**Student:** 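Supplied in structure tokens, the structure appears directly below.
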Amino acid sequence: MRGAFGLLLPVALLACHPKAADSVDSCAAGGDSGCAAYTVTADATVELPAPLVLPNRAYGIAIGDLEGTGVPQIYVGTGTTVTRFDGDGWATATDIWTESDASARPLIADLTGDGVADLLMGLPDADRNVGQVLVFTGPVVDPITWDTPHLEIKGDAAAASPGAGALAAGEAIWAADMDGDDVLDLVVKAAGQTWIRPGPLTATEPLGAAGDIEWADSDVNKQEFAAVGDIDGDGVPDLVFVIQASDGPCGLPGTEIHAVTGPFSPGTYSLDAAPIVLTPPPDAIDAGGVSITDVDGDGVNDLVASAPTRLGGIPALIWRGPISSGEPPVEIPSTFGEVGIGDFGGNGAPDLLELNLQASSAGIWDTGAQGVVTVTNGPVEALTTRALCNVAVTQAWTGWPISYEDASWTGDLDGDGVSDAILATGSSLYLLRSGA
């Protein structure tokens, strides 16, 4: 890696306002708390590696060794394909699925219970927005077509959201033991509903069949994001939902985070009865990027969410586990939000991966500017007092295009014990390999 030390990257950013101590007048003030300029000071910088090329926009990333080589492959679901990257530097691209123009969310896990990994695809905009999940049982041999042996689990047509652009079954899918029987179950999210189909998977009845577990909300637009993981420390995965509220700051929608705790039993339940309710700071107008991971290294999962505020910036909110209702979060100032948490420095402490975009002072995206992907060495909770207008980071990758990431993954890709990151935007897939 070539790096320059002590480089100052001056950036004019729309969302560069630090959180005011008193937000009572923030509505009248229009959210302007006086951050005139934004800079990132990096101990080391390097240009982003040349991206791998995708057929089109990415919707999901899965990592697994379906080829049995001992080296994991990268599987990216796009608007028309599932594309595998393998070989030296993961630079060889193969479209293993091309038979649908419904966007795909891939998942690799043994959900049929035979000890061999399966390839699953969530297709939320298939079947006129009813959505479905395809399960291709392992060993998986490509190319995959509709004639390849598979299970089809369709969404609940009666419950599918009719709204334009609303996603149905397969918007997100997970594999976890949700009922405590030591067998992986399938978790499927749709707009306003989330189902658990107990494993091992054999049946193809539509979601909502007898034996399924369903969490629903009366308003399909309220259930925005979800995550799966153990947040209460009992060893059983829980479900976490971001719920849009109608009584946010300054007349804007607000946000609550509802969690329901496992193990789960068959039946239909309402999120209104969620035993754990978490409230972001009063000036938060949304929450997204929800993830469940051990932020502080104590062996217990924590809950992380990015929450845009009325005053600007998108702080990372951390609720320390084990989590119970009503706990306040730890707030990490951030300009554009947390992308991932992992040990990128190899020192055993979780670090913070962020995406910082540039914009003109008028708030118009400047296509001649560039974004910055950064890692700040942990412990993450030590970053609560950092300045928002001049952020000091450990590592910066320059050259990110002016856009959100469409999909991301954080973990140890190359088996060296240090976290790596995969970020997708547009038709570009960036591999950020720590130490490479």
Side-chain angles (χ1 to χ4, degrees), residues 54-64 66 72-85 95-111 117-138 140 142 144 146 148 150-156 160-161 165-176 184-197 201 207 223-229 239-242 288-292 339-340 404-411 422-427 429:
L54 297 167
N56 47 57
R57 175 186 172 185
Y59 286 87
I61 299 172
I63 307 298
L66 291 180
Q73 302 93 50
I74 301 170
Y75 295 83
V76 182
T78 76
T80 56
T81 71
V82 171
T83 301
R84 181 187 66 225
F85 292 89
D95 296 334
I96 66 171
W97 166 264
T98 59
E99 299 206 355
S100 174
D101 47 0
S103 58
R105 280 75 168 164
L107 172 68
I108 298 173
D110 177 20
L111 277 159
D118 310 309
L119 173 63
L120 291 85
M121 301 179 201
L123 305 176
D125 38 2
D127 291 343
R128 297 188 176 184
N129 221 39
V130 173
Q132 62 181 335
V133 177
L134 305 182
V135 184
F136 293 93
T137 56
V140 178
D142 61 81
I144 302 167
W146 288 108
T148 303
H150 66 282
L151 304 175
E152 290 186 32
I153 303 175
K154 295 182 178 294
D156 183 349
S161 170
L167 295 178
E171 173 186 343
I173 54 177
W174 298 267
L184 289 178
D185 308 307
L186 174 64
V187 184
V188 182
K189 187 185 181 305
Q193 287 179 296
T194 297
W195 294 273
I196 300 172
R197 170 65 56 87
L201 300 182
L207 293 166
Q223 193 186 117
E224 295 187 289
F225 303 99
V228 175
L239 287 172
V240 177
F241 302 93
V242 176
V290 181
S291 60
I292 298 172
V339 174
Y404 295 90
E405 80 278 11
D406 295 321
S408 64
W409 178 89
T410 300
I422 303 174
L423 304 177
T425 182
S427 60
L429 186 74

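As the structure is a computational prediction, the values presented were derived from the model and not from experiment.
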**Student:** Here's a test for you: under side-chain contact (heavy atoms from CB on, under 4.5 Å), which of Asp118, Thr148, Leu119 qualifies with Thr137?
**Tutor:**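 Single pass found, and it is Asp118.
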**Student:** Holding to salt bridge (Lys or Arg N to Asp or Glu O under 4.0 Å), I want the full list of residues that pass it with Arg84, two or more places apart in sequence or in another chain.
**Tutor:**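 Once residues adjacent in sequence are excluded, the partners of Arg84 under the salt bridge (Lys or Arg N to Asp or Glu O under 4.0 Å) criterion are Glu67, Asp86, Asp142.
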**Student:** Shortest non-hydrogen contact from Ala190 to Glu171?
**Tutor:** C-OE1, 3.8 Å
**Student:** I'd like to check the salt bridge (Lys or Arg N to Asp or Glu O under 4.0 Å) partners of Asp95; sequence neighbours left out, ordered by chain and number.
**Tutor:**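 For Asp95 there are no salt bridge (Lys or Arg N to Asp or Glu O under 4.0 Å) partners, ignoring immediate neighbours.
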**Student:** Of all the heavy-atom pairs spanning Ala407 and Ala58, show the shortest one and how long it is.
**Tutor:** CB-CB, 4.2 Å
**Student:** Any side-chain heavy atom of Ile144 sitting closer than 4.5 Å to one from Val82?
**Tutor:** no
**Student:** State, to 0.1 Å, how close Leu207 and Gly155 come at their nearest heavy-atom pair, and which atoms those are.
**Tutor:**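 That would be CD1-CA, 4.3 Å.
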**Student:** Is there a side-chain contact between Ile61 and Leu429 (heavy atoms, below 4.5 Å)?
**Tutor:** yes
**Student:** Tell me every residue that passes ring pair (Phe, Tyr, Trp, His ring centres under 6.0 Å) with Trp97, counting only those two or more places apart in sequence or in another chain.
**Tutor:** Phe136, Trp146
**Student:** Could you list the residues that satisfy side-chain hydrogen bond (donor to acceptor under 3.5 Å, both in side chains) with Thr80, not counting sequence neighbours?
**Tutor:**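 Testing Thr80 for side-chain hydrogen bond (donor to acceptor under 3.5 Å, both in side chains), a comparison that skips the adjacent residues, returns Asn56.
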**Student:** Return the CD to CG distance between Glu405 and Leu423, rounded to the nearest 0.5 Å.
**Tutor:**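 Rounded to the nearest 0.5 Å, the CD-CG separation comes out at 6.5 Å.
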**Student:** Sequence neighbours excluded, which residues qualify as side chain to side chain contact (heavy atoms under 4.5 Å, CB included) partners of Ala176?
**Tutor:** Met178, Val228, Pro237
**Student:** Could I get the full list of side chain to side chain contact (heavy atoms under 4.5 Å, CB included) partners for Leu151, not counting sequence neighbours?
**Tutor:** Val135, Leu201, Thr204
**Student:** Just to verify, what does Thr425 make a side-chain hydrogen bond (donor to acceptor under 3.5 Å, both in side chains) with, not counting sequence neighbours?
**Tutor:** Ser403
**Student:** Could you check whether any side-chain heavy atom of Gln73 comes within less than 4.5 Å of a side-chain heavy atom of Leu66, counting everything from C-beta outward?
**Tutor:** yes
**Student:** Could you list the residues that satisfy side chain to side chain contact (heavy atoms under 4.5 Å, CB included) with Ala126, not counting sequence neighbours?
**Tutor:**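 Ala126 satisfies side chain to side chain contact (heavy atoms under 4.5 Å, CB included) with Ala102, Leu123, Gln132 only.
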**Student:** With sequence neighbours excluded, tell me which residues meet salt bridge (Lys or Arg N to Asp or Glu O under 4.0 Å) with Asp110.
**Tutor:** none
**Student:** Hey, does Ile153 have a side-chain heavy atom less than 4.5 Å from the side chain of Leu186?
**Tutor:** yes
**Student:** Closest approach of Ala424 and Leu54, non-hydrogen atoms and distance?
**Tutor:**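 Closest heavy-atom pair between Ala424 and Leu54: CB-CD1, 4.3 Å.
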**Student:** For Trp174 versus Ala226, what's the shortest heavy-atom pair and its separation?
**Tutor:**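 Looks like CZ2-O, 3.6 Å.
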**Student:** With sequence neighbours left out, what residues match Asp185 under side-chain hydrogen bond (donor to acceptor under 3.5 Å, both in side chains)?
**Tutor:**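 Per chain and number, Asp185 pairs via side-chain hydrogen bond (donor to acceptor under 3.5 Å, both in side chains) with no residue.
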**Student:** Are Val140 and Ile108 close enough, and set up right, to give a side chain to side chain contact (heavy atoms under 4.5 Å, CB included), and what steps lead you there?
**Tutor:** CA-CA 10 Å; Val140 178; Ile108 298 173; over 6 Å; no
**Student:** Would you check if Ile63 and Ile422 make a side-chain contact, meaning some heavy-atom pair closer than 4.5 Å?
**Tutor:**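 They are in contact (side-chain heavy atoms under 4.5 Å apart), so the answer is yes.
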**Student:** Atom CG in Leu120, atom NE2 in His150: separation rounded to 0.5 Å?
**Tutor:** 11.5 Å
**Student:** Could you pull out the closest heavy-atom pair between Pro55 and Thr78, with the gap in Å?
**Tutor:** CD-CG2, 4.1 Å
**Student:** Considering residues at least two apart in sequence or located in another chain, which fulfil the side-chain hydrogen bond (donor to acceptor under 3.5 Å, both in side chains) criterion with Asp127?
**Tutor:**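 Result, side-chain hydrogen bond (donor to acceptor under 3.5 Å, both in side chains) vs Asp127: Lys154.
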